[in-house]
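Structure, as structure tokens:
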Amino acid sequence: MKKKYLYILAFVIIAILGYNSVYFKKLSDVKNANKENFDFKAYADSIYYKGILKSKKTIALTNLIASVKTNQDEAFKKYGNRLGIGNSAYFMIKSTGKIIDIKDGIYTIADEKNGVVYIDTKYIFGNALRDASGLVKLTDFKTNAQFNKVSESLNDIVRNEVVPKEIKKVKIGDSISFSGAIKLSKKQILFTDLLIIPSQIKLQ
Amino acid sequence: MTISLNHPIIKKSQSLIALFLLCLFISLLSDKFMTSTNLWNVLRQISVNVCISVGMTLVVLMAGIDLSVGSVLGLTAAICAGLLKSGLSFESMDLFVGFSVLGAILAAILIGMALGLFNGWVITKFSIPPFVATLAMLTIARGLTMLYTAGIPISNLGPEFEFIGSGWILGIPVPVWISLFMVLIVVFLTKKTTFGRYIYAIGGNEKAAFLSGISINKIKLAVYGIAGMMAAVGGILVTSRLNSAQPNAGMSYELDSIAAVVIGGTSLSGGVGTVAGTVIGAVIIGVLNNGLVLLDVSPFWQQVVKGIVILLAVIIDKMNQKNK
């Protein structure tokens, strides 16, 4: 008799847990509701043209190096952007220099004040531009995939629209001004062989 | 009256004394250690290891080992996040099954338990050494996690779920409450039930336990099931704390949990040890991790130090056994 009540009690508990655990819907309704109507291209356009190009957080590379050497934590806080916790951060920098080599889309620049730096004009992938801009927040998007689509669209603009137009005009020996994203880690800060994901390259 | 180092009270409190000395040492070198923010942070961090380690304690008490807890944690964390975020879709039936926070948590716990039971089944059915069986599960679960997540984190799981890992209740972080609850359950199991006594009996002498009529296979199955379940609870805590399931979550957590168990005085040969000891072991590991970070010790040296501490704990355990 006791067992019977125990089974009934177990059944009731399982039923309550089950009822509060899952819900059912028509898959087609869910798909329709989730259809994306967000224009990533337009969003990335506005981030690039109204945000990145006009950003006041873009710092001259020389100043960033000096700032990091003076007070690393303060420099990372003031000029760096990162999504979560960790030692690495992205920075939007600008500088000038002379093109001394071009190989496989990598422009080697003799930066007047900061030695040799490299600008990658071919492999503009990843989240460097999005994260360095500090203008796009993960919480603004429902899914990680959508958040990453912003990077994709932003990279597409720079890779397909901006960089090709600008690098057409430059050759080895030319002096250029440039801006772009770099990644630095607090644990190992190296300002040699900096690889820059460009946001802009201009013939001087 | 003088108390020698061999005094039973000193021997029983070895882990506690070690923890006290460690805290004293770190607080002398870093003024940030003894701040309430840091101490709550340490407790929040160790909650995951406490959950896994109390499950591992049962396994080790039975003279077994479970190397798969870290991977099971990763897989259950990913499934929990995946179900919460995307539910289950059945194209042919035009059916979508959505999961509430409670549903996703229950599913993760059940899957963790199922994986643990599978470990137990392989070990008992085929007489495969636990080390090998759980090593296989370690790889299987890690692979399944990568397949399920496609190597991409599952993020933005909502504020309700995030509360589990980041919230506070009565001034204490929620993960601390959860781990405390898990500890109490396992303490009750080991101290107040015949099931608990059977675990000690099997660990002490499996043959004698068998001859006295204990159903060894059933107990082993249950213990590995509990270890899997505890790993799943750890997975839920990790995921909710980050509000994101990382494909590599739980990597090498099994080592931290084994370390906590050993440092806490549970004998790797089984039959001897307590859940309370394991909790102290987990706190020692957590404090050690925190202290090394506060003291700005290189991550490479941190691993060396942790290894030495584990080695010392095992040596002390062996010496204690010899003295007996």
Side-chain angles (χ1 to χ4, degrees), chain A residues 6 10-36 38 40 71-73 76 82-88 125-127 130-131 136-152 155 185-190, chain B residues 41 44-45 78-111 149-162 165-166 238-239 241-247 293 296-302:
Chain A
L6 272 177
F11 177 78
V12 170
I13 290 171
I14 290 169
I16 291 171
L17 286 177
Y19 181 76
N20 288 298
S21 295
V22 290
Y23 55 91
F24 301 93
K25 280 183 181 175
K26 271 190 161 186
L27 185 59
S28 47
D29 291 347
V30 175
K31 276 184 176 173
N32 285 334
N34 285 344
K35 263 189 185 166
E36 280 176 7
F38 188 79
F40 285 95
N71 187 339
Q72 184 178 285
D73 288 336
F76 268 66
R82 60 183 166 195
L83 285 183
I85 49 171
N87 289 315
S88 299
F125 295 103
N127 301 318
R130 181 197 68 191
D131 293 349
V136 190
K137 285 184 188 145
L138 175 66
T139 45
D140 292 343
F141 296 89
K142 275 185 186 170
T143 66
N144 234 35
Q146 287 176 339
F147 186 52
N148 289 336
K149 258 191 172 177
V150 177
S151 274
E152 257 177 60
N155 292 340
S185 167
K186 276 187 186 177
K187 282 281 165 197
Q188 198 181 19
I189 293 193
L190 293 173
Chain B
N41 195 31
R44 200 189 280 274
Q45 278 171 352
I79 290 174
C80 179
L83 291 178
L84 193 56
K85 186 104 185 176
S86 317
L88 289 172
S89 300
F90 301 95
E91 296 275 354
S92 57
M93 291 186 274
D94 191 25
L95 177 68
F96 172 80
V97 183
F99 284 77
S100 64
V101 171
L102 175 68
I105 288 172
L106 287 178
I109 290 174
L110 286 175
I111 289 166
T149 60
I152 299 167
I154 305 168
S155 304
N156 279 352
L157 304 171
E160 275 176 56
F161 187 69
E162 197 180 5
S166 312
V238 171
T239 312
R241 186 157 180 238
L242 300 172
N243 204 14
S244 164
Q246 303 291 325
V293 171
D296 207 19
V297 176
S298 136
F300 308 132
W301 275 110
Q302 287 182 25

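Lettering follows sequence order; numbering is per chain, from 1. These numbers come from a predicted model, not from an experiment.
- In summary, Glu152(A) and Arg130(A) do not engage in a salt bridge, as defined by a charged side-chain N under 4.0 Å from a carboxylate O.
- For Phe141(A), the part sitting under 4.5 Å from any heavy atom of chain B is the backbone (N, CA, C, O) and nothing else.
- Highest contact tally toward chain A, considering only Ser100(B), Pro153(B), Gly103(B), is held by Ser100(B) [criterion: heavy-atom pairs under 4.5 Å].
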Problem - Intermediate values then yes/no, side-chain contact (heavy atoms from CB on, under 4.5 Å), Phe161(B) and Leu84(B) - result: CA-CA 9 Å; Phe161(B) 187 69; Leu84(B) 193 56; 3.6 Å; yes
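- Contacts of Ile152(B) with chain A are made by side-chain atoms alone, with heavy-atom separations under 4.5 Å and no backbone atom involved.
- No more than 12 heavy atoms of other residues, nucleotides or ligands shown are found within 6.0 angstrom of OH on Tyr19(A).
- Only the side chain of Leu106(B) comes within less than 4.5 Å of a heavy atom in chain A; its backbone stays farther off.
- A donor-acceptor pair under 3.5 Å is absent between the side-chain atoms of Asn20(A) and the main chain of Leu102(B), judged by distance alone.
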